Amino acid sequence: MAPSAVTPDIASAPLGTLTTTFDNCLRFYLNGTRVVLDDVDPEITLLEYLRGIGLTGTKLGCGEGGCGACTVVVSQYNPTSRQIYHASVNACLAPLASIDGKHVITVEGIGNVKKPHPAQERVAKSHGSQCGFCTPGIVMSLYALLRNNQNPTEHDVEEAFDGNLCRCTGYRPILDAAQTFSSKAAACGNSKVNGGAGCCMEKGEGGGCGKDAKDDQPIKRFTPPGFIEYKPDTELIFPPALKKHDFRPLSFGNKRKTWYRPTTVEQLLEIKSVYPDAKIIGGSTETQIEIKFKALQYPVSVFVGDIADLRQYSLNDDHLEIGGNITLTDLENVCQEAIKHYGEAKGQIFEAVHKQLKYFAGRQIRNVGTPAGNLVTASPISDLNPVLMAADAVLVAKTLGKETEIPMSEFFTGYRKTALPADAILASIRIPVTKEKNEFFRSYKQAKRKDDDIAIVTSALKVRLDDDGVVEASNLVYGGMAPFTVAAKKANAFLVGKRFAELETLEGAMNALEQDFNLSFGVPGGMASYRKSLALSFFYRFYHEVMQALGGEKADTDATDELERGISTGKEDKEATMAYVQETLGKPNPHVAALKQVTGEAQYIDDIPPAKNELYGCLVLSTKAYAKLKSVDFSPALNIPGVVDYVDKNDMPSSKANHWGAPHFDEVFFAEDEVYTTGQPIGMVLATSANRAAEGARAVKIEYEELPAIFTIEEAIEKESFFNFFKEIKNGDIDEGFKNSDYTFTGVARMGGQEHFYLETNVSLAIPHPEDGAMEIFSSTQNPNEAQAYAAQVLGVPANKVVVRVKRMGGGFGGKESRSVQLSSIIAVAANKVRRPVRCMLTREEDMVTTGQRHPFLGRWKVGVNKDGMIQALDLDVFNNGGWSWDLSAAVCERAMTHSDGCYRIPNIHVKGRICKTNTMSNTAFRGFGGPQGMFIAESYMTEVADRLGMPVEKFREINFYKPEELTHFNQALTDWHIPLMYQQVQQESDYAARREAVTAFNATHKWRKRGLALIPTKFGISFTALWFNQAGALVHIYHDGSVLVAHGGTEMGQGLHTKMSMIAAQALSIPLEDVHISETATNTVANASATAASASSDLNGYAIQNACAALNERLAPYREKLGADAPLKALAHAAYFDRVNLSAQGFYKTPEIGYTWGANTGKMFFYFTQGVAAAEAEVDTLTGTWTCRRADLKMDVGRSLNPAIDYGQIQGAFVQGLGLFTMEESLWLRGGPMKGNLFTRGPGAYKIPGFRDIPEVFNVSLLKDVEWKDLRTVQRSRGVGEPPLFMGSAVFFAIRDALVAARRQYGVEAIVGAEGGEGDGLLRLQSPATPERIRLACVDPIMQRARVAAREGEESFFISI
């Protein structure tokens, strides 16, 4: 549910009459076909139009242009470059009315399953699509690159995806596929990107094969074996009719909104004179977000993107003048041209602009965003505004009959306020060149993530010196330090007249900057100490860059180089399964739906065509964290045209039916008397469209009586706010263990939660049947059985009347195991009430505030250890933040407790677990399910204890490793134990010892750049800890023609389960893989299925399928004997059918041996353990907190892999998801203000998951081979692989920590050997995630120390981090 609608103050009547004649016909091309529309709704987006006409390959992922799932290509004549440009564009932001005269190309328009485009085919065959929801957008970004540049460089390829996100793959296979189109790949068939052993250049042999090539000769394109050749001349042409398109003034309107599209500046100025408050739209990147997420309404909008005069530029003697509406992509190119034109010295400003634009948003945004839009938005954290202000740029504003020049220094008048008159437009920007001599200009930016992220602090710094080195002028400008872009007045004043090269000048300027930006601890936006440190660090870096340029010996050259990552590469062991590969099993088959996904043909829930009488639901959500509901008035919603009905608790068959969440049933589908968290459903509005439903939901009036809320684990512990849960595991005698220890150390391990950020949000469609109260539900759920059970409960019918269907999900990761049930049940109630189909797809914001996250954890530990490094005892208290209801928190806490030993034998151990009750959304299952949290606690105490022993942590780990057959703390023997072996292999294969020496040498010679290494093992128990879930069923049909249909209880969410299950069936029945089909997962084919979770689905469902196939093989055995061993299944089935043999078989499997008893500490907890080891190297820029992972080497023991390609994809994807968990993904709540208690990080703009250029620069993955698995009794002796690799992402966290230890040691701060804790012990205590802020705050250099902001009495931080 969006916030309440706000209408800006718009004149009630126009101030005059327009003289321009406006057309009302929209003309464009779509996938090569001409389209003419004369009934255009000015409020709908291009995405809504495309999906509405059935082109559903383009997906809705976030609605704010942050994920790229909606990417399409819009081809048009570019008036700036005077060429045809194929722009990748976010269809979720682009108004339909803006595409007149353009050619829109969607994923369906470039290829299909039968005839895919080379880009589609290579992504599919390279295993670059898992859940597939993000894939069409990624394909279209690649397509746009190839249309504009037939021979892209490796850098061009990586940069093309900076506006796309993927949560599944880990990006490596997508990049591998895309790099086959790069000019480097084209140069040599032996290159690694083409699957070769490496070309001469890659081997460091100097090269030779391409040396004789001439620049004007076309590059010979290399097509990797097995791929379609890419032929640029076969692409969709730009329609010739559009080259002659008559751009007429356009106007569209309805009762709510009027849209104008002028084609000249004069027409625009006339419109502004008549409607001075009309909203001017350039790229719509900000406007659409204001409409969707702030509910702002603009009755009159004016699109200026097709006014050619506003997109021109001119290179003048002393300045560059650019049209206000030039796109940011064009501005990048203009800056490059300006640098060449003016030279390096005079072009410094343009280098600064280009640098800022390179990391501003994604390519899709830069293709439509404009500098004028950036300026008038007046964002305090704008990347561009500080550069223009520092350059003393002049803005040219125009009104009808008047032109005004506004200096940048006078443009910003307050928060989001400017000096631009209401009836004026920003026509152009004049940017002065820098002086040829003695003038220096640089720009800087720091964000949570390098690419496509909004700034925390941004700055542009300029000084001009005289010939004696005295400062003549200074303009230091910052964004992110005040409510709007500001100059550092005191620092600027101080610098003028000072000799720049004197150290006193540096110190004095830093002191002045501290006064300019004396932030309070609770400053809006938070991060006071970090932001202040960045202001100082940027100037420090700038000072020494200038000193370096002046040739001064005093330059701190280590401070001048910013951290830049190289092109990412990686390798996999392609021979891992050679020893046991079979006809089908063990082969790296692509995902069975990959081609459907890359072509947009794969159908997800919201792609199902709407029924004629279908309604759309929008949840009415609580906006208070804890409050009594005084009144709920939904009557205003029912007065909105298109709104049909309202559903809430009163529509339940009983009060009991409103309760859910086994086994405690403490949660309600609809709030009753109180709300316990923001985002808790209160009701649902039903309407004829999703937009009308959202409008209706905003109209519902709710009165609250607020109550005190609890958010963090620490608050809950202090106030003793716990669920009624206490578990413990005891083994040995900890008192005796501590008594016999040489040292006793204590500490606290703390880690935050994590948003699932599956690209497809929760979505359900319920279709009531006319008979027997039956209902069919399509739901994006990992748990159809539970969705069926609760739907039956809220409908008041038995479960056999409800069928739940799942074809595929666009990602799940545990977030759709239990939380999806809330939406599907509410939708069922709604459909039952109105007796019409009802669907609801949550917006990204709604999904994030309602569905829960990974549990934050806190571990208080006490470790007894001897001087030789042998651990003697562990006493551990584990707390998780369960949120407001139980959900799965107990099982998550239990798994964390069972994994809190890591891979280490601790003879005396006592682990206790509690669940904190808070007022956040109810936290839930997430890939790893408590395992990563338990292992993080373990590796935290291992690392901190090693520091206190003065022992290398790698050695400390090895000393304490379990040995084969030893018992865990829950008394399970470790069989097939390969951690010690892999620990050695990873060190050898990654050249770890030599790299440790290199890191030490690097750190000794670099002041501001530090590198670190970490070697992290993992063991992950495979089985549901709830015994009854360890079962599965399957149904296998053989048809007359020999084709096979398989149904099983597992759901496909991108992990390749259907692919593996099809392979098992094909192998068991001795048929080709293409003869096996899995249609969907449904409760009427396989009943009582367990959730697809716990990394056990391949084991459970695979054995069920194998058992069903065994029954069929037994029935077909006489016919094989009669017709021959090589007889095709078609012949066997035909013969058996005529003998009336049943060709359908049910299979069932339950995991043997397992069953653990808590308290008694007896029984087998897990069927087996999947194991792995990761080595990671990180480099940190300690001036800013920026980091990069230079290399990661992963090795997993997955047994005998069913499909190595699928397994590698799971390992890479899980590792990158873990990297996000431990380094950048941070959820923040607002502490005060009107949105008090609400989640702040509710979309990709504020919540950052890893992008394409966050993965390791070198990313190597291998599978353990050449060993025996004596005790493993699974299908082909394979191991579950979905969750176990995730924790290995923590290797990057611990590598960053290792680098920070070196940084602190440089200033004499390091752990005191033998110290048992307390103030001044020098120990680095780093919380997860290791964000740039936490990294910088962990440093102890003089700049950081002077920047620290202490809280005054009673002062609290702006954000709450749970």
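Computed from a prediction, not measured in an experiment: that's the story for all the values here.
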Check: Side chains of Leu426 and Ile280: closer than 4.5 Å at any heavy-atom pair?
Finding: no
Margin query: Before you tell me yes or no, could you show the steps for Thr843 and Thr761 under side chain to side chain contact (heavy atoms under 4.5 Å, CB included), namely the whole-Å CA-CA distance, both residues' side-chain angles and the distance that decides it to 0.1 Å?
Written below: CA-CA 7 Å; Thr843 65; Thr761 58; over 6 Å; no
Note to self: What I'd like to find out is whether the side chain of Glu48 reaches to under 4.5 Å of the side chain of Asp41, using heavy atoms alone.
What the structure shows: no
Next item on the list: Over all heavy atoms of both residues, which pair between Ser428 and Glu321 is shortest? Give the atoms and the distance, please.
Entry: OG-OE2, 2.7 Å
Check: Does the side chain of Phe303 reach to within under 4.5 Å of the side chain of Pro95, using non-hydrogen atoms?
Finding: no
Item checked: Salt-bridge present (Glu695, Arg698; N to O < 4.0 Å) -> no
Checklist line | Passing option when Val89 is tested against Ile365, Ile99, Val74 for side chain to side chain contact (heavy atoms under 4.5 Å, CB included) | finding: Val74
Note to self: If I compare all heavy atoms of Thr413 with all of Ala419, which pair ends up nearest, and what's the gap?
What the structure shows: CG2-N, 4.0 Å
Checklist line | side chain to side chain contact (heavy atoms under 4.5 Å, CB included), paired with Leu47, selected from Leu93, Val72, Leu60, Asn90 | finding: Leu60
Item checked: Interatomic distance, Thr21 atom OG1 to Gln267 atom CD [nearest 0.5 angstrom] -> 9.5 Å
Next item on the list: Spell out, as yes or no, whether a donor-acceptor pair under 3.5 Å connects the side chain of Lys272 to the backbone of Thr399.
Entry: no
Next item on the list: Apply side chain to side chain contact (heavy atoms under 4.5 Å, CB included) to the pair Lys59 and Leu759, showing each step before the final yes or no.
Entry: CA-CA 9 Å; Lys59 308 299 183 190; Leu759 266 291; over 6 Å; no
Next item on the list: Identify the two heavy atoms, one from Thr418 and one from Phe412, that lie closest to each other, and give their separation to 0.1 Å.
Entry: CG2-CD2, 4.3 Å
Note to self: Could you tell me if the side chain of Met481 sits less than 4.5 Å from the side chain of Ser459, heavy atoms only?
What the structure shows: no
Check: If you measure from OG1 on Thr263 to CZ on Phe22, what distance do you get to the nearest 0.5 Å?
Finding: 8.5 Å
Checklist line | Val387: which of Val353, Val477, Leu357 passes side chain to side chain contact (heavy atoms under 4.5 Å, CB included) | finding: Val353
Notebook entry, point to check: So how far is it from Lys1236 NZ to Leu1230 CG, rounded to the nearest 0.5 Å?
Noted result: 11.5 Å
Checklist line | Side-chain donor/acceptor of Ser284 to backbone N/O of Ile281, under 3.5 Å | finding: no
Check: Is the number of heavy atoms from other residues, nucleotides or ligands within 6.0 Å of NZ (Lys257) greater than 12?
Finding: yes
Next item on the list: Keeping the roles fixed (side chain from Lys445, backbone from Tyr359), state whether a donor-acceptor pair exists under 3.5 Å.
Entry: yes
Notebook entry, point to check: Parallel, tilted or perpendicular for Phe1240 and Phe1359, by the 30°/60° rule?
Noted result: tilted
Next item on the list: For the residue pair Tyr49 and Leu37, establish whether any side-chain heavy-atom pair is separated by less than 4.5 Å.
Entry: yes
Notebook entry, point to check: Quick one: do the Asn691 and Ser689 side chains pair a donor with an acceptor below 3.5 Å?
Noted result: no
Next item on the list: List the steps, then state whether side chain to side chain contact (heavy atoms under 4.5 Å, CB included) holds for Asp277 with Val300.
Entry: CA-CA 8 Å; Asp277 293 310; Val300 179; over 6 Å; no
Check: Are Glu43 and Arg256 ion-paired here, with the side-chain N under 4.0 Å from a carboxylate O?
Finding: yes
Margin query: Is it the case that the side chain of Gln356 and the backbone of Ala352 share a donor-acceptor pair, with hydrogens and angles ignored and the cut-off at 3.5 Å?
Written below: no
Next item on the list: Could you grab the distance from atom CE of Met408 to atom CG of Leu395, nearest 0.5 Å is fine?
Entry: 5.5 Å
Check: More than 12 non-hydrogen atoms from neighbouring residues, nucleotides or ligands closer than 6.0 Å to NZ on Lys398, yes or no?
Finding: no
Checklist line | Expected output: side-chain Arg27 to main-chain Val36 donor-acceptor under 3.5 Å | finding: no
Item checked: Asn1238 backbone acceptor or donor facing Thr678 side chain under 3.5 Å -> no
Next item on the list: To the nearest 0.5 Å, tell me how far Glu845 CD sits from Arg1242 CZ.
Entry: 4.5 Å
Check: Is the closest side-chain heavy-atom distance between Ile431 and Phe350 below 4.5 Å?
Finding: yes
Notebook entry, point to check: At their closest point, which heavy atom of Leu320 faces which heavy atom of Ser314, and how far apart are they?
Noted result: CD1-O, 3.4 Å
Margin query: Between Val302 and Pro262, is there a side-chain heavy-atom distance shorter than 4.5 Å?
Written below: yes
Next item on the list: Considering non-hydrogen atoms only, spot the tightest contact between Phe28 and Val104 and give its length.
Entry: CD1-CG2, 4.4 Å
Checklist line | Atom CG of Asp39 with >12 non-hydrogen neighbours under 6.0 angstrom | finding: no
Item checked: Residues Thr106 and Asn31: side-chain donor-acceptor under 3.5 angstrom -> yes
Check: What is the distance from atom CD1 of Ile307 to atom OG1 of Thr264, rounded to the nearest 0.5 Å?
Finding: 6.5 Å
Notebook entry, point to check: Of the non-hydrogen atoms in Pro1244 and Arg844, which two are nearest, and what is the gap between them?
Noted result: CD-CG, 4.2 Å
Check: Any side-chain heavy-atom pair from Asp423 and Leu400 closer than 4.5 angstrom?
Finding: no
Checklist line | Test log, rule side chain to side chain contact (heavy atoms under 4.5 Å, CB included), inputs Val486 and Phe484 | finding: CA-CA 6 Å; Val486 294; Phe484 50 93; 3.7 Å; yes
Next item on the list: Begin with the C-alpha distance, continue with both residues' side-chain angles, and end with the deciding distance and a verdict on side chain to side chain donor-acceptor pair (under 3.5 Å) for Asn164 and Gln364.
Entry: CA-CA 9 Å; Asn164 293 86; Gln364 295 92 321; 3.1 Å; yes
Check: Ion pair present between Lys102 and Asp306, side-chain N to carboxylate O less than 4.0 angstrom?
Finding: yes
Next item on the list: Decide whether a cation-pi geometry holds between Arg261 and Phe252; the criteria are a distance under 6.0 Å from NZ or CZ to the six-membered ring centre and an angle within 45° of the ring axis.
Entry: no
Checklist line | Aromatic ring pairing Tyr1247/Phe757, orientation class (parallel under 30°, perpendicular over 60°, tilted between) | finding: parallel
Could you list the donor-acceptor pairs under 3.5 angstrom formed between side-chain atoms of residues 366-382 and any protein atom two or more places apart in sequence or on another chain?
residue: Arg366; atom: NE; partner: Glu332; partner atom: OE2; Å: 3.0
residue: Arg366; atom: NH1; partner: Asp162; partner atom: OD2; Å: 3.3
residue: Arg366; atom: NH1; partner: Phe360; partner atom: O; Å: 2.9
residue: Arg366; atom: NH1; partner: Ala361; partner atom: O; Å: 3.2
residue: Arg366; atom: NH2; partner: Glu159; partner atom: OE2; Å: 2.5
residue: Arg366; atom: NH2; partner: Asp162; partner atom: OD2; Å: 3.0
residue: Asn367; atom: OD1; partner: Tyr85; partner atom: OH; Å: 2.8
residue: Asn367; atom: OD1; partner: Thr329; partner atom: OG1; Å: 2.8
residue: Asn367; atom: ND2; partner: Ser88; partner atom: O; Å: 2.9
residue: Asn367; atom: ND2; partner: Ser88; partner atom: OG; Å: 3.2
residue: Asn367; atom: ND2; partner: Arg363; partner atom: O; Å: 3.3
residue: Thr370; atom: OG1; partner: Gly373; partner atom: N; Å: 3.0
residue: Asn374; atom: OD1; partner: Ser382; partner atom: OG; Å: 2.5
residue: Thr377; atom: OG1; partner: Gly373; partner atom: O; Å: 2.6
residue: Ser379; atom: OG; partner: Ile381; partner atom: N; Å: 3.2
residue: Ser382; atom: OG; partner: Leu384; partner atom: N; Å: 3.2
residue: Ser382; atom: OG; partner: Asn385; partner atom: N; Å: 3.0
residue: Ser382; atom: OG; partner: Asn385; partner atom: OD1; Å: 3.4
residue: Ser382; atom: OG; partner: Asn385; partner atom: ND2; Å: 3.3

Note to self: I'd like to know if the side chain of Asp453 reaches the main chain of Lys448, judged simply by a donor and an acceptor atom lying under 3.5 Å from each other, with no hydrogens or angles considered.
What the structure shows: yes
